Amino acid sequence: MSGRRRRWNGRDVHGVFLLDKPTGISSNDALQRVKKIFFAAKAGHTGALDPLATGMLPLCFGEATKFSQFLLDSDKRYIVTAKLGERTDTSDSHGEIVQTRPVNVSDAELLIALDTFRGDTKQVPSMFSALKHEGKPLYWYARQGIFIDRPARPISVFELKLLSFENDEVNLEIHVSKGTYIRTIVDDLGELLGCGAHVSMLRRIGVSAYPAERMMTFEQLEEMVEQAKAEGVEPKDVLDPLLMPLDSAVSHLPEANMSEETGGFVLHGQPVVVPNTPESGLVRMTVGEERAFIGVGNIDDQGRVAPKRIVNYETQAREPK
């Protein structure tokens, strides 16, 4: 034997799968497991969920990976439990407790404190975040005991609901903009209340406009595959219909629909004039009456639609509907 690893030979599959990630596993490990189940040649996730966290993790396959950045930049929704009275070095229950203080917080005090986080604010990212510094994530430096100065970044908290407050635990539902760290909000809340706090449970229930009911667990996927095999059905025939369409990551963008002929110019990298398009910004490009998605364009200085990210047009026949 040569000792060489066998090269991975996956199949072409295109679309977005909504994984209900369990706790205790990294987003990359979760991606690799689902990629193996789908036997996909190419896949990527759309922003890491902490190992502690559960819930929605959109995974992009094939041509959909070209549009994963739009999901990185999208709004997110979470359910979070903040444990009052204990501050940890990671701001979550996976860290070491660094300070314990009594909890003397009234309902009114909590409501006033929560109101300070709503709207447009600035946030200093956690040292245990995946934000990069000189090519390495901040958590790498934190584990080495190295402190990196982080500038505050603008964030938006669109909605912050108090679900319950009892036994030193605060349960919240929160809708935030991209780049918002929930553990930092909880840590800051604890300091504002004077008792400290950390995240004891975090579940992501929404990314962009993706429906929570389309999420599936590893166990559900594996059960479907086993049942398909038992019935003599190809696993891909039950797996591929689970995928969201290629353009689901950019469904919020205005559409620029064009003829097949005009679309041909776009697919060759040429800007084109398309009636009834916005004056500026990004557009979702489609062709023909069937409105087949061919990519994302940008309105240039001359009002034309210039291609920015192009889909391999041959994938349209294999894309999930």
Side-chain angles (χ1 to χ4, degrees), residues 21 23-24 26-27 47-55 76-131 133 137-205:
K21 188 188 88 68
T23 190
S26 72
S27 294
L49 266 179
D50 292 340
L52 167 78
T54 66
K76 314 289 192 306
R77 283 187 178 272
Y78 298 88
I79 299 291
V80 59
T81 299
K83 170 66 176 174
L84 302 185
E86 296 175 347
R87 194 182 196 192
T88 72
D89 58 359
T90 61
S91 302
D92 63 30
S93 58
H94 283 185
E96 298 291 329
I97 296 176
V98 295
Q99 194 175 30
T100 301
R101 284 173 279 179
V103 180
N104 297 304
V105 179
S106 68
D107 290 354
E109 289 171 330
L110 176 60
L111 290 173
I112 291 171
L114 289 175
D115 195 48
T116 66
F117 294 93
R118 296 186 176 98
D120 298 331
T121 60
K122 288 191 174 182
Q123 183 185 76
V124 177
S126 167
M127 271 301 298
F128 282 84
S129 69
L131 194 66
H133 174 77
L138 286 177
Y139 62 73
W140 182 90
Y141 294 98
R143 290 167 183 167
Q144 314 301 315
I146 302 171
F147 180 86
I148 303 295
D149 189 36
R150 292 102 57 211
R153 303 192 304 173
I155 63 165
S156 296
V157 177
F158 305 113
E159 191 175 14
L160 180 56
K161 292 181 183 178
L162 174 61
L163 301 179
S164 65
F165 174 33
E166 56 183 331
N167 299 325
D168 299 342
E169 288 191 339
V170 178
N171 290 299
L172 305 167
E173 181 176 341
I174 185 166
H175 176 201
V176 297
S177 63
K178 68 172 184 176
T180 303
Y181 292 96
I182 303 302
R183 69 169 84 184
T184 300
I185 288 179
V186 168
D187 184 70
D188 290 345
L189 174 64
E191 294 311 290
L192 190 59
L193 294 172
C195 60
H198 68 268
V199 172
S200 61
M201 187 282 294
L202 181 64
R203 179 167 177 78
R204 189 156 71 187
I205 58 174

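Since we're looking at a predicted model, the values are computed, not measured.
- Here the straight-line distance linking atom CD1 of Ile174 with atom CD of Glu159 works out to 10.0 Å at 0.5 Å rounding.
- Counting only heavy atoms from C-beta outward, the side chains of Val186 and Ser91 never approach each other to under 4.5 Å.
- In this structure a side-chain-to-backbone donor-acceptor pair under 3.5 Å is missing from Lys122 to Pro151.
- Considering CG of Leu160 and CG of Leu114, their distance stands at 5.0 Å, rounded to 0.5 Å.
- Residues that satisfy the ring pair (Phe, Tyr, Trp, His ring centres under 6.0 Å) test with His94, not counting sequence neighbours, are absent from this structure.
- The list of side-chain hydrogen bond (donor to acceptor under 3.5 Å, both in side chains) pairs with a residue in residues 145-156, not counting sequence neighbours, reads Asp120-Ser156.
- Ser200 contributes atom OG, which lies 5.0 Å from atom CD of Glu169 (distance to the nearest 0.5 angstrom).
- Between the Ser164 side chain and the Val170 main chain, no donor and acceptor come within less than 3.5 Å of each other.
- Arg183 places a side-chain N or O within donor-acceptor distance of the main-chain N or O of Thr90, the cut-off being under 3.5 Å.
- Under the salt bridge (charged side-chain N to carboxylate O under 4.0 Å, His left out) test applied with Arg87, the options Asp92, Asp188, Asp187 reduce to a single match, Asp187.
- The shortest side-chain heavy-atom distance between Lys76 and Ile182 does not fall under the 4.5 Å cut-off.
- With hydrogens and angles ignored, the 3.5 Å screen pairs a side-chain donor or acceptor of Gln123 with a backbone N or O of Tyr181.
- Atom CG of residue Asp115 and atom CD1 of residue Ile112 lie 8.5 Å apart, to the nearest 0.5 angstrom.
- Aromatic ring pairs are classed by plane angle as parallel below 30°, tilted from 30° to 60° and perpendicular above 60°; the pair Phe158 and His175 is tilted.
- Under the 3.5 Å distance criterion, the side-chain polar atoms of Ser27 are matched with a main-chain donor or acceptor of Leu49.
- To the nearest 0.5 Å, atoms CG (Leu162) and CG (Asp107) are separated by 7.5 Å.
- Judged by distance alone, with hydrogens and angles left aside, the side-chain atoms of Thr88 form no donor-acceptor pair with the main-chain N or O of Gly95 at under 3.5 Å.
- You'll find the side chain of Ile185 stays beyond 4.5 Å of the side chain of Leu172, heavy atoms only.
- Here the OG1-NE2 distance, from Thr81 to His198, works out to 10.0 Å after rounding to the nearest 0.5 Å.
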